[in-house]
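For reference, the structure is listed below as structure tokens.
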Amino acid sequence: MGRSSKDKRDIYYRLAKEEGWRARSAFKLLQLDEEFGLFKGVKRAVDLCAAPGSWSQVLSRKLRGKEVKGEEVKGEEVKGEEVKGEEVKGEEVKGEEVKGEEVKIVAVDLQAMAPLPGVTQIQGDITKISTAQEIIRHFEGHPADLVVCDGAPDVTGLHDVDEYIQAQLLLAALNITTHVLKPGGTFVAKIFRGKDVTLLYSQLKIFFSGVTCAKPRSSRNSSIEAFVVCQNYSPPEGYLPNMSNPLLDHSYDVDFNQLEGPNRIIVPFLACGDLSAFDSDRTYPLQLDASQEYHYTPPTQPPIRPPYQQACHLRKNNLLAKEDSGPAHLEAAL
Ligand code: SAM
């Protein structure tokens, strides 16, 4: 694949690089915010499954009042468990009571990610109680106002398997959220609108009085991805957050769990992002301004320790194990 082929196909991929976002998914959170005003009055925010960090960038820029391009922290590689971005003094966010310096943002991911200003990283697993405790420790015992999760497993291409794993990840995110979110707080998470999505909606409705399914314009129509925006966290009376919560239902039985008739929960569906925003399913010319020449823009933050690094190294150096295709092998096959 040539360097510009993805540029040609994907306008948001191109814009992300031009505007200094680490991934095109930044636009999804920005468009969700346009619709729901997610960041109003938020002092403490958690970004679950944050790497490579474009949602954390959005949180940092929006909550800390830093609307600057190319604010990457020139950085050493991430080592150990926690990484703090270079401290940049925040500015007041117009029209809000929250000041930049009061804001605390925590980002969690299994993968290491390059530092970001004003964002504390935890390299950890969102299914672990220790991760919840670590988050609360960073907030000095206070709960979060907002938890976002763009988590996704490595997609296998087998739709049923992918939907199942995504649902489990969403429930894991809900689980850790019940440990760290304040009553009245907001939870936003990626969801696959598969055939069992109503069951997920009803599980979310147990904890939030408002649940809306939203599709930002930057999320391709051809993808079953959408986002649940869950507002007003209000757990059932006496609910005790618990990581081995039965919501993480490993014996997920679709026939048994299917909700029908009056038990079926319907949540509103909202397309969001300005109608004049770019359509992620369309192909746009490489230069939106025809009078300008096309220049390739490199990614804002290349992956620092990608899981495919070792495979690339082996392939480059011709060290990958080769299938034995000699006569003995052919005989065995016959
Ligand atoms: N929101 C990110 C951004 O804008 O840059 C992109 C997130 S990426 C689509 C999904 C991430 O989920 C991956 O980095 C992966 O490591 C993370 N992830 C998956 N399972 C996880 C788990 N159990 N705990 C923590 N992170 C997880």
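Whatever order the structure lists them in is the order used to number ligands and atoms, beginning at 1.
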### Task
Hey, could you give me the CG/CD1 distance between D160 and I165, rounded to the nearest 0.5 Å?
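CD1 of I165 is found 11.0 Å from CG of D160.
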### Query
How long is the gap from CG on N175 to CG on L170, to the nearest 0.5 Å?
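Taking CG in N175 and CG in L170, the distance rounds to 10.5 Å.
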### Task
Just say parallel, tilted or perpendicular for the rings of F208 and Y233, cut-offs at 30° and 60°.
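Ring orientation of F208 relative to Y233: tilted.
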State whether the side chain of [X] and the backbone N or O of [Y] hold a donor-acceptor pair below 3.5 Å, judged by distance alone.
X	Y	answer
S202	T198	yes
Y284	D279	yes
S280	R217	yes

Is any N or O atom of [X], backbone or side chain, closer than 3.5 Å to an N or O atom of ligand 1?
X	answer
D150	yes
S25	yes
D47	no

### Task
Determine, for D10 against R24, whether the closest basic-nitrogen to carboxylate-oxygen distance falls under 4.0 angstrom.
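Salt bridge: yes.
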### Salt bridge flag under 4.0 Å for residues R220 and D281
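The answer is no: the pair does not qualify as a salt bridge.
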Report, in ascending order of atom number, the atoms of ligand 1 lying under 4.0 Å from any heavy atom of [X].
X	answer
S54	3 (C), 4 (O), 5 (O)
G53	3 (C), 5 (O)
D125	22 (C), 23 (N), 24 (N)
L110	20 (N), 21 (C), 22 (C), 24 (N), 25 (C), 26 (N), 27 (C)
Q111	16 (O)
G124	24 (N), 25 (C)

#### Entry: Close approach of P52 to ligand 1, heavy atoms, under 4.0 angstrom
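The answer is yes: ligand 1 sits under 4.0 Å from a heavy atom of P52.
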#### Entry: Structural part of A50 in contact with ligand 1, heavy atom criterion under 4.0 angstrom
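Only the backbone of A50 comes within reach of ligand 1.
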### Message
Counting only heavy atoms closer than 4.0 Å, does ligand 1 sit against the backbone of L169, its side chain, both, or neither?
### Response
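The part of L169 near ligand 1 is the side chain, not the backbone.
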[atom]: the protein heavy-atom neighbour that sits closest, reported with distance to 0.1 Å:
atom	value
atom 27 (C) of ligand 1	C49 SG, 3.4 Å
atom 24 (N) of ligand 1	I126 N, 3.1 Å
atom 8 (S) of ligand 1	A51 O, 3.5 Å
atom 11 (C) of ligand 1	D109 OD2, 3.5 Å
atom 10 (C) of ligand 1	A152 N, 3.5 Å

### Query
Under 6.0 Å from the CG atom of N318, do we count more than 12 heavy atoms belonging to anything else shown?
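Result for CG/N318: open.
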### Message
Using the rule side-chain hydrogen bond (donor to acceptor under 3.5 Å, both in side chains), only one of K43, K104, R44, K182 pairs with D145; which is it?
### Response
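Passing option: K182.
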### Message
What verdict does the side-chain contact (heavy atoms from CB on, under 4.5 Å) test give for L29 and F39, after you've listed the backbone C-alpha separation in whole Å, the side-chain angles of each residue and the deciding distance to 0.1 Å?
### Response
CA-CA 10 Å; L29 187 57; F39 304 137; 4.0 Å; yes
